[in-house]
Amino acid sequence: MKDYTFALQPALADEPGRQGLFSGFAPGTVTLPKGFRVSGKFKPLPVDIILEKDVAVTMRDGVTIYTDVLRPVTDEQVPVIVAWSPYGKSRGNAPQYDDLFRLLGMDTSVLSGLHKFEGPDPAYWCAKGYAICHPDPRGTYNSEGDARWWNRLEGEDFHDLVEWCGVQDWSNGKVGASGNSYLTASQWFMAAERTPHLAAIAPWEGMSDIYRDLIMRGGIPDYGFAETLRYAYIGKNQREDLILDAKAHPLRDELWEQRAPEFAMIEVPAYVVASYSNSIHTPGTFRGWREIGSTRKWLRVHATMEWPDYYVEEHQADLLRFFDRFLKDIDNGWDKTPAVRYTLHDLEGNDRVNLTATQFPPTQAVTTQFCLDAGTGAMVTGARPAAKASYDATARDGNAQFTLTVDSETAFIGYPGLRLFAEAEGADDMDIFVLLQKLDADGNALGQITIPNKSPQMQAMTREGASILHYKGSNGRLRASMRHLDDERSTEDLPVHSFDQVEKLAPGEIVALDFDLFPMGMLLYPGQQLRLTVGGYNTLGGAMPGTENLMPDNRGRHVIHTGGDHASFLRMGTMPGRAALG
């Protein structure tokens, strides 16, 4: 029985800076002619486009939401792609989003300005014979009700809109979904509803378990990005509040179960795009790809940030082939697309992309266990004598480090699994953060800006924050008292914590802590090093510029035990670098 209610707070009033060209409420239909331009910043339309604005759609409980539909001028019935998010159905050309893309170095002149933020561009898709549906979900802008935020109830609303799209007289009855971030998370929830007219989904980086991926990752409260998202909910009524939910429900109970989709229920074809580098999206995207029930699923792991990756012409063409196959039933050879296309970062300007495999990690990868040695600061194969290292848990630079030097070109790929035996001195709990980095032959840590703007200013902006925009390596975090594993879901390669109980530490108690680090693909050359840093502070900082970093709850010292009866180790896949080339 449901024993919770989602917390509610008033939604925010609209502001002029958020306005787009078609932001006003004005139900009706107009035809935007070929050559029409939203402004001089955007490209002209390649075809005539019908804009049906503020169309009322009724949800199963009688609540009315409003959607814009952009479709080609044709007598033929066309498939529909839905972009579901609360960011404003006609605001992709609003100054705040245009300014953001320009800050990142993206060329917005390749877009029409009719796109929803993080969603498909109608100019491209209408020219290819598709309709685009841009809803304002429940509780946002002029839509009725209280806004829902990443849960199964929102999936029901999305389901109802897909079904509406599937029966319009201009629709061919096949509906897809596309977009990244929020537009990905919403796809998981909707597809799990087994929506009849849904023909395919294309989740392009996004969370899939809000507790594990965002608000309480590793069991540690992290409200920075959720605080930013509070300001995305513009409406006339109320909106759910993740931060209040987290404070009232710090353990992963039924409330949080409702904020994770039933992946096994998702059976439609899925084209999933992921990266190793997005500090809030990476785990959820890989989890979604692994756990959905579909037997027709494809994974592409790219080497940049999702916004520029999404709008690259070759990637739009790739997505078009996918949707043509399943929304238009065109036999175009898509089914021969490799199940996995992955990246190996070298972080020196020579990333290897579009490497193919039948699974992730690739079959060539051999799982290798590297034992930590606190006595030498090394990671080695084979047993080590007992030793320990400690650090001040309250110091930003307090940490213990372990390195591994390679003597041949080596790819580290897959899901790094770390087991630490740790002890708290002067405390009954520990917040521990780990980072797995590549060092060059001189011992310098390597990183990579993931957006086109790689200026010195961007380097400075992302040095201690904006972790989405600057990839530094695979990271993980865990609160020791939340270490309990879910035995049914955990595997040798992927520990899954239950987060349903608190187990404080007794004085002198040494506990085993299992970390699920971000999946990675990293290429090292002879003489380079892989370095594991264990500390009490989140050195990655907040997710985006201006996002607050979390504050750990640490006291005293952390002691890391290695070797002997407390053999701390790192497990992950390795393969010769040349093996990735076939």
Side-chain angles (χ1 to χ4, degrees), residues 178 180 184 187-188 191 200-208 263-264 266-278 281-306 309-310 312 314-323 325-326 332-346 350-368 410-417 450 471 474 491-494 516-523 571-582:
S178 180
N180 55 62
T184 280
Q187 289 181 62
W188 303 125
I201 59 174
W204 210 287
E205 290 215 45
M207 293 170 281
S208 62
F263 295 111
I266 300 175
E267 295 184 336
V268 294
Y271 175 19
V272 181
V273 178
S275 73
Y276 308 123
S277 58
N278 191 303
H281 291 164
T282 293
T285 312
F286 276 88
R287 181 190 305 110
W289 171 75
R290 286 194 312 270
E291 296 188 9
I292 60 174
S294 177
T295 58
R296 295 173 295 175
K297 57 184 180 181
W298 291 265
L299 174 69
R300 181 172 67 83
V301 185
H302 64 94
T304 63
M305 192 260 186
E306 69 236 37
D309 181 82
Y310 185 69
V312 170
E314 66 179 288
H315 299 157
Q316 288 292 285
D318 202 44
L319 182 59
L320 175 64
R321 289 182 61 243
F322 171 74
F323 278 142
R325 169 65 183 86
F326 295 109
N332 57 9
W334 173 266
D335 297 275
K336 297 179 181 178
T337 301
V340 173
R341 289 171 284 173
Y342 67 98
T343 286
L344 288 177
H345 286 294
D346 85 340
N350 295 294
D351 291 346
R352 298 179 185 176
V353 299
N354 288 321
L355 303 171
T356 62
T358 58
Q359 63 181 45
F360 184 88
T363 54
Q364 306 99 304
V366 176
T367 300
T368 307
T410 303
F412 293 86
I413 187 163
Y415 302 98
T450 60
Y471 182 53
S474 174
T491 66
E492 189 175 25
D493 292 327
L494 280 166
D516 55 330
L517 280 71
F518 278 26
M520 69 181 292
M522 194 76 74
L523 186 63
R571 288 181 83 254
M572 69 173 307
T574 64
M575 64 184 185
R578 63 181 181 276
L581 302 178

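Although no hydrogens or angles enter the test, the distance criterion places a donor-acceptor pair under 3.5 Å between the side chain of W188 and the main chain of M207. No side-chain donor-acceptor contact under 3.5 Å links T367 to the backbone of M572. Put simply, the side chain of E205 never gets that close to the backbone of T184: no donor and acceptor are under 3.5 Å apart. Side chain of S474 to backbone of F518: a donor-acceptor contact under 3.5 angstrom is found. Remark: the backbone N or O of R296 is paired with a side-chain donor or acceptor of S294 at under 3.5 angstrom.
Legend: residues meeting side-chain hydrogen bond (donor to acceptor under 3.5 Å, both in side chains) with S178, ordered by chain and number and at least two apart, are Y310. Judged as a side chain to side chain contact (heavy atoms under 4.5 Å, CB included), and not counting sequence neighbours, the contacts of T358 are T363.
Within the 4.5 Å cutoff, side-chain heavy atoms of F286 are placed close to those of Y276. When side chains are defined from C-beta on, N180 does not count as touching D309, because their heavy atoms never get closer than 4.5 Å. You'll find the side chain of P362 stays beyond 4.5 Å of the side chain of V340, heavy atoms only. Counting heavy atoms from C-beta on, the side chains of R300 and N354 come closer than 4.5 Å. Residues F322 and N332 form no side-chain contact, since every pair of their non-hydrogen atoms from C-beta on lies 4.5 Å or further apart.
A salt bridge is absent between R287 and D516; no separation between the charged side-chain nitrogens and carboxylate oxygens falls under 4.0 Å. A salt bridge links D493 with R571: the distance from a Lys NZ or Arg NE/NH1/NH2 to an Asp or Glu carboxylate oxygen falls below 4.0 Å.
Rounding to the nearest 0.5 Å places OG1 of T343 at 7.0 Å from CG of L355. Atom CG in D351 sits 10.0 Å away from atom OH in Y471 (nearest 0.5 Å). The NE2 atom of H302 lies 8.5 Å from the OG1 atom of T450; values are rounded to the nearest 0.5 Å. Separation of atoms CD1 (I292) and CZ (F263) is listed at 9.0 Å; rounding is to 0.5 Å. Residue I201 holds its CD1 atom at 9.0 Å from CZ of F323, rounded to the nearest 0.5 Å. The line from CG of L523 to CE of M575 is 8.5 Å long, rounded to the nearest 0.5 Å.
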Next item on the list: Mind running ring pair (Phe, Tyr, Trp, His ring centres under 6.0 Å) on Y415 and F360 for me, showing each step along the way?
Entry: CA-CA 9 Å; Y415 302 98; F360 184 88; 5.5 Å; yes
Next item on the list: Determine, stepwise, if the pair T337 / R321 fulfils side-chain contact (heavy atoms from CB on, under 4.5 Å).
Entry: CA-CA 10 Å; T337 301; R321 289 182 61 243; 3.8 Å; yes
Note to self: side-chain contact (heavy atoms from CB on, under 4.5 Å) for S275 and E306? Distances and angles first, verdict last.
What the structure shows: CA-CA 8 Å; S275 73; E306 69 236 37; 5.7 Å; no
Notebook entry, point to check: Should K297 and V272 be marked as a side-chain contact (heavy atoms from CB on, under 4.5 Å) after you check the CA-CA gap, both sets of side-chain angles, and the distance that decides it?
Noted result: CA-CA 7 Å; K297 57 184 180 181; V272 181; 5.5 Å; no
Next item on the list: Verify side-chain contact (heavy atoms from CB on, under 4.5 Å) between R290 and L494, making sure each step is shown before the conclusion.
Entry: CA-CA 11 Å; R290 286 194 312 270; L494 280 166; 3.5 Å; yes
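Residues S277 and T304 approach most closely at OG-O, 3.6 Å, considering heavy atoms. Shortest non-hydrogen contact noted between G573 and A365 is CA-CB, 4.3 Å. The nearest pair of heavy atoms linking G414 to P361 is CA-CB, 3.8 Å. The two residues S208 and G288 have their closest heavy-atom pair at OG-N, 4.0 Å. Here the closest heavy-atom approach between residue G577 and residue R352 is recorded as O-NH1, 3.0 Å. Residues T285 and G206 come closest through the heavy atom pair OG1-N, 3.0 Å.
With Y271 as reference, W204 is the one residue of W204, W298, F326 to meet the ring-ring contact (aromatic ring centres under 6.0 Å, His included) rule.
Remark: E492 CD is loosely packed, at most 12 non-hydrogen atoms of other residues, nucleotides or ligands lying under 6.0 Å away.
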